[in-house]
Undergrad: 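Below is a structure I'd like to ask you about.
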Amino acid sequence: MIEVRLPDGSVKKYDVGVSLAQIAQDAGRRDALVAKVNGELRDLTARLDQDAAVEFLAFDDPEGREVYWHSSAHLLAQAVKDLFPEAKLAIGPPIDEGFYYDINIGRPFTPEDVERIEAHMRELAKRDQPIERVEIPREEAIRTYGTMGEKYKLELLDEIPDARVSFYRQDGFMDMCRGPHLPRTGLINAIKLLSTSGAYWRGDEHRDMLSRIYGVTFPSQEQLDEFLQQLEEAKRRDHRRLGKELKIFAFAQELGQGLPLWLPRGATVRRILENYITDLELQRGYHHVYAPDLASVELYKISGHWDYFRESMYPPMQVDNEELVLKPMNCPHHIMIYKQEQRSYRHLPVRIAELGRMYRYERSGTLAGLQRVRSMTLNDAHIFCRPDQVKAEFAAVVGLIQDVYRDFHISDYRLDLSLHDPKDRQYYHQDEELWKAAEGLLREALDELGLAYHAVIGGANFYGPKLDVQVHTATGKVETLSTIQLDFLLPRRFELEYIGEDGKAHRPVMIHRAIISTMERMMAFLIENYAGDFPAWLAPEQARILPIADRHLEYAHKVRDRLAGEGLRVEIDDSNERISYKVRRGQLERVPYMLVAGDKEAQSGQVAVRSRSAGDLGAVPIEQFLERIRHEITSKA
RNA sequence: GCCGCUGUAGCUCAGUGGUAGAGCGCCUCACUUGUAAUGAGGGGGUCAUCGGUUCGAAUCCGAUCAGCGGCUCCA
């Protein structure tokens, strides 16, 4: 007999060899998809031969869902193999929201193919086949896959050192897999294949282009419907759609790809953002500068951008005896500003900031609305400091980020510690000592602040490691908003110095940082985060006066002048329309306040206030409304 | 850049080999209006661009450009 301990603390005795499925059934866990035995995920079909702590995971558990989607990927592969026996399977993992499988059938999947595959998956699921784990000797696996011509599987097998490898079998279909998996295909009820795309084998653009099919599955149709509805909701938040609707920015084919136009309303919001962050930085000891958009190639040869960043730069243009490029980064310029005077240790840190316009050649397929563009203005700054000041400066930047995020109500983010990949000799400078020093220092600084982060190998810049603040876009992608980068390299390349207490020259450390990202990306993020409803302090139009009839126009102008005189952004809807129509238009254009002005209001010096979110608030004196919106603006509510 | 999909009026979309349509927006007129659409009339598209097939192309084919979903890359 063995003892099984369940999460509720109860202990049950079982015969050796009892299946986890049996235990789940006894525990009344009909929703169990997979088990965790002594903290390790196991198939429900697995058997126990010694005492263990067992818990069961259902679909509502992230790990349970992962298994569910992993098995769904197998089901997809099985369906494809049935319909396209010549298909070569690559990999099919679960992802955050669903799963995919990379497959090569020698041509892309057509929408019709996908429909057939989806239908066939349903059929296979309905057959409710048991999913079994089998372990076979490595040699046998190589032989089998060899005769099947499964070249991707063979390559994967190459990297598995174990003598025996595990496979999962359902209904005659076998796939090499570590598992675990669902016990039966019948648990997969609601199936939707979402999209197809090309994907390089092993993510390497020099290798085979495979066809990837994305899908998602749920235990019930209701859950699937809800998921699909959420996708629709997300589309409504998409900054590309809202940006057009709300006349914030635009692209023109005649202008070129990735080159956004800021329309008046967007420009207004941008100006507020720029003033906001500039003021904050000035308060915190930054000095704002301006640098030209063009610079000599020489500058970037010194910095190393020419060697490491050239493919993201626009090609140089020859003018007279100079070779000029559009600047892809602001750091070398700020370095030149640092070098304008001899610096003493007493002057450090020197914090040089700029809303720096940059141009980067991004590959056309990567451009996305304002999230990824080719001309952008970065809320950039470079802090030149002594080594002993790095941690304090780092902490100050983190503090600034936290303050700013509070103002913008940003709470859903993740910290990535982006480190260099020593194997990538192409992109990273080769001084391992410098990497060690910079990365070590960054980790220390983070640990001292008690910040939770996760490390990303290969995420660093060529000159140093960084801390990236990652946020989600409406379409579910992850983008960097803020970044803090530690750099020991450029000070050396530019031979930066400060005179120390000892009267000798020392080398400063550089911190590159961006708080509200580029104006473009921040704008995209804010549109999505607020779903188009900018709070009053950011709204391009804060209030709109709606005269009831023509005879109220004069009063409307008086109100406008009063409010505009206070610095508010106010318009009058003087169109020949009924009030309900003007209200409707104001709501659709997301104006935070509408001020209705009719006979009553004109007589009493009032406005009937309508809030975008709360509706009709009744008539109040103009001064009272002013007080209300002023408070709302200063509190950034 | 690569793979796939898409491209019709300012916007959202219908039209699938036989000389271009709707709703909204825009303009004009009337109504002078009280919190999410007043009514009537009007203007507006070389159907992304270029080339081909055809008696005839928005429709079929090719190329180019742009957008979208991914891959790769990144603020």
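In this text the structure is predicted, and so the values were computed from the model without any measurement. Order of the sequence lines sets the chain letters (A, B, ...), proteins ahead of strands, with each chain counted from 1.
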Undergrad: Has the side chain of A:Glu311 got a donor or acceptor atom sitting under 3.5 Å from an opposite partner on the base of B:G1?
TA: no

Undergrad: So A:Tyr314 and A:Tyr361, would you call those rings parallel, tilted or perpendicular, with 30° and 60° as cut-offs?
TA: perpendicular

Undergrad: Parallel, tilted or perpendicular, judged at 30° and 60°: which one describes the rings of A:His512 and A:Tyr463?
TA: parallel

Undergrad: A:Val373 has a side chain; which of B:A75, B:A36, B:C3 sits nearest to it?
TA: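 For the A:Val373 side chain, the nearest candidate turns out to be B:A75.
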
Undergrad: Could you go through nucleotides 24-30 of chain B and list every protein N or O atom that sits under 3.5 Å from one of its N or O atoms, giving the distance for each pair?
TA:
from  : atom 1 : to       : atom 2 : distance (Å)
B:G25 : OP1    : A:Tyr581 : OH     : 2.4

Undergrad: If we call it a pair only when both distances are under 3.5 Å in a Watson-Crick or G-U wobble match, what pairs with B:G43?
TA: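 No nucleotide pairs with B:G43.
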
Undergrad: Give one of base, sugar-phosphate or nothing for A:Glu589, where a contact means two heavy atoms less than 4.0 Å apart.
TA: nothing

Undergrad: In whole Å, measure the gap between the C1' atoms of B:A58 and B:U6 for me.
TA: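 Looking at atom C1' only, B:A58 and B:U6 are 15 Å apart.
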
Undergrad: Under 4.0 Å between any heavy atoms, over every strand shown, what does A:Gly203 touch: base, sugar-phosphate, or nothing? Just pick one.
TA: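 Sugar-phosphate contact only.
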
Undergrad: Provide the distance between the two P atoms, one in B:A48 and one in B:U8, to the nearest whole Å.
TA: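 The same atom, P, in both gives a distance of 6 Å.
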
Undergrad: How far, in whole Å, is B:C11 from B:G17 if one measures between their P atoms?
TA: 27 Å

Undergrad: Categorize A:Asp380 for me: base, sugar-phosphate, or nothing, with a 4.0 angstrom heavy-atom threshold over every strand shown.
TA: nothing

Undergrad: Closest to the A:Tyr200 side chain: B:U72, B:G34, B:G70?
TA: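 Closest of the options to the side chain of A:Tyr200: B:U72.
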
Undergrad: Using the side-chain heavy atoms of A:Ser517, tell me which of these nucleotides is nearest: B:C74, B:A75, B:U32.
TA: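 My answer, after comparing the listed nucleotides, is B:A75.
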
Undergrad: Measure from the side-chain heavy atoms of A:Lys600 and tell me the nearest of B:U33, B:G34, B:G67.
TA: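 Per side-chain heavy atoms of A:Lys600, the pick is B:G34.
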
Undergrad: Apply ring pair (Phe, Tyr, Trp, His ring centres under 6.0 Å) to residues A:Phe408 and A:Tyr276 and explain how you reach the verdict.
TA: CA-CA 11 Å; A:Phe408 289 105; A:Tyr276 164 82; 5.3 Å; yes

Undergrad: Which nucleotide in the set B:A75, B:U33, B:A36 lies at the smallest distance from any side-chain heavy atom of A:Ala549?
TA: B:U33

Undergrad: Is the distance from the ring center of A:His239 to that of A:Phe249 below 6.0 Å?
TA: yes

Undergrad: Can you name the residues that form a salt bridge (charged side-chain N to carboxylate O under 4.0 Å, His left out) with A:Glu520, not counting sequence neighbours?
TA: A:Arg270

Undergrad: For A:Arg363, is there an ion pair with A:Glu205 - N to carboxylate O distance below 4.0 angstrom?
TA: yes

Undergrad: Find the partner of B:G62: check Watson-Crick (N1-N3 plus N6-O4 or O6-N4) and G-U wobble (N1-O2, O6-N3) distances, both under 3.5 Å, and reply none if neither fits.
TA: B:C50

Undergrad: Are A:Phe462 and A:His305 near enough that their ring centres are under 6.0 Å apart?
TA: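 Yes, the ring of A:Phe462 comes within the 6.0 Å limit of the ring of A:His305, centre to centre.
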
Undergrad: When the C1' atoms of B:C24 and B:U19 are considered, how many whole Å apart are they?
TA: 28 Å

Undergrad: Are any of A:Thr483's side-chain N or O atoms less than 4.0 Å away from OP1 or OP2 of B:A75?
TA: no

Undergrad: B:A37, B:A75, B:U32: which one has an atom nearest the side-chain heavy atoms of A:Arg584?
TA: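 Of the candidates, B:A37 comes closest.
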
Undergrad: Look at all strands and tell whether A:Asp208 reaches a base, only sugar-phosphate, or nothing, counting heavy atoms closer than 4.0 Å.
TA: nothing

Undergrad: Just to be sure I understand the rule, does A:Lys247 reach a base, reach only the sugar-phosphate, or reach nothing, if contact means heavy atoms closer than 4.0 Å?
TA: nothing

Undergrad: For the side chain of A:Arg372, starting at C-beta, report the closest nucleotide among B:C73, B:G34, B:A36.
TA: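 My answer, after comparing the listed nucleotides, is B:C73.
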
Undergrad: Which nucleotide in the set B:C71, B:C74, B:G67 lies at the smallest distance from any side-chain heavy atom of A:Arg360?
TA: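 Taking heavy atoms from C-beta onward, the closest nucleotide is B:C74.
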
Undergrad: So what's B:G4 paired with, Watson-Crick or G-U wobble, going by both distances under 3.5 Å?
TA: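 WC or wobble partner is B:C68.
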
Undergrad: What nucleic acid atoms does A:Ala368 come within less than 4.0 Å of, heavy atoms only: base, sugar-phosphate, or nothing?
TA: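 Result for A:Ala368 = nothing.
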
Undergrad: Between A:Phe109 and A:Phe84, does the ring centre distance come in under 6.0 Å?
TA: yes

Undergrad: Want to settle it: does A:Ile548 or A:Thr110 sit nearer the 5' end of RNA chain B, counting the closest nucleotide to each?
TA: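 This one resolves to A:Thr110.
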
Undergrad: Categorize A:Glu245 for me: base, sugar-phosphate, or nothing, with a 4.0 angstrom heavy-atom threshold over every strand shown.
TA: nothing

Undergrad: Assign A:Ser364 to base, sugar-phosphate, or nothing according to its heavy-atom contacts below 4.0 angstrom with the strands shown.
TA: base

Undergrad: Mind checking who B:U38 pairs with, Watson-Crick or G-U wobble, both distances under 3.5 Å?
TA: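 Checking every strand shown, B:U38 finds its partner in B:A30, with both distances under 3.5 Å.
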
Undergrad: The side chain of A:Ser197 lies closest to which of these nucleotides: B:G1, B:G69, B:C73?
TA: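 Nearest nucleotide to the side chain: B:G69.
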
Undergrad: So A:Arg521, base contact, sugar-phosphate only, or nothing? Heavy-atom distance under 4.0 Å.
TA: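 Base, at least one base heavy atom under 4.0 Å.
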
Undergrad: When the nearest nucleotide of RNA chain B is assigned to A:Ala514 and to A:Arg612 on a heavy-atom basis, which residue is associated with the more 5' position?
TA: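 By nearest-heavy-atom nucleotide position, the 5'-most residue is A:Arg612.
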
Undergrad: What nucleic acid atoms does A:Thr518 come within less than 4.0 Å of, heavy atoms only: base, sugar-phosphate, or nothing?
TA: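 Base, at least one base atom sits under 4.0 Å.
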
Undergrad: Could you tell me how far B:A20 sits from B:G39 if I compare only their P atoms? Round to whole Å.
TA: 30 Å

Undergrad: Got a sec, which residues hit salt bridge (charged side-chain N to carboxylate O under 4.0 Å, His left out) with A:Arg372, two or more places apart in sequence or on another chain?
TA: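 By the salt bridge (charged side-chain N to carboxylate O under 4.0 Å, His left out) rule, A:Arg372 matches A:Glu362.
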
Undergrad: For A:Lys466, which contact category applies under a 4.0 Å heavy-atom criterion: base, sugar-phosphate, or nothing?
TA: sugar-phosphate

Undergrad: Applying side chain to side chain contact (heavy atoms under 4.5 Å, CB included), name anything that partners A:Pro328, two or more places apart in sequence or on another chain.
TA: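 Applying side chain to side chain contact (heavy atoms under 4.5 Å, CB included) to A:Pro328 gives A:Tyr300, A:Phe309, A:Met313, A:Arg360.
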
Undergrad: Counting any heavy atom closer than 4.0 Å, what does A:Leu588 reach on the DNA or RNA strands: base, sugar-phosphate only, or nothing?
TA: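 Touches a base.
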
Undergrad: The criterion is salt bridge (charged side-chain N to carboxylate O under 4.0 Å, His left out); which residues satisfy it with A:Lys582, sequence neighbours excluded?
TA: none

Undergrad: Who is the Watson-Crick or G-U wobble partner of B:A20, with both distances under 3.5 Å?
TA: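 WC or wobble partner does not exist here.
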
Undergrad: Counting the atoms with a prime plus P, OP1 and OP2 as sugar-phosphate, which does A:Thr366 contact under 4.0 Å by heavy atoms, base, sugar-phosphate, or nothing?
TA: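 Result for A:Thr366 = base.
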
Undergrad: Please tabulate, one pair per line, each protein N/O and nucleotide N/O from nucleotides 7-13 of chain B that are separated by under 3.5 Å, including the distance.
TA:
none

Undergrad: Just to be sure I understand the rule, does A:Glu362 reach a base, reach only the sugar-phosphate, or reach nothing, if contact means heavy atoms closer than 4.0 Å?
TA: base

Undergrad: Look through every strand shown and name the nucleotide pairing with B:C73 as Watson-Crick or G-U wobble, where both distances are under 3.5 Å.
TA: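 Answer to the pairing question: none, since B:C73 forms no Watson-Crick or G-U pair.
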
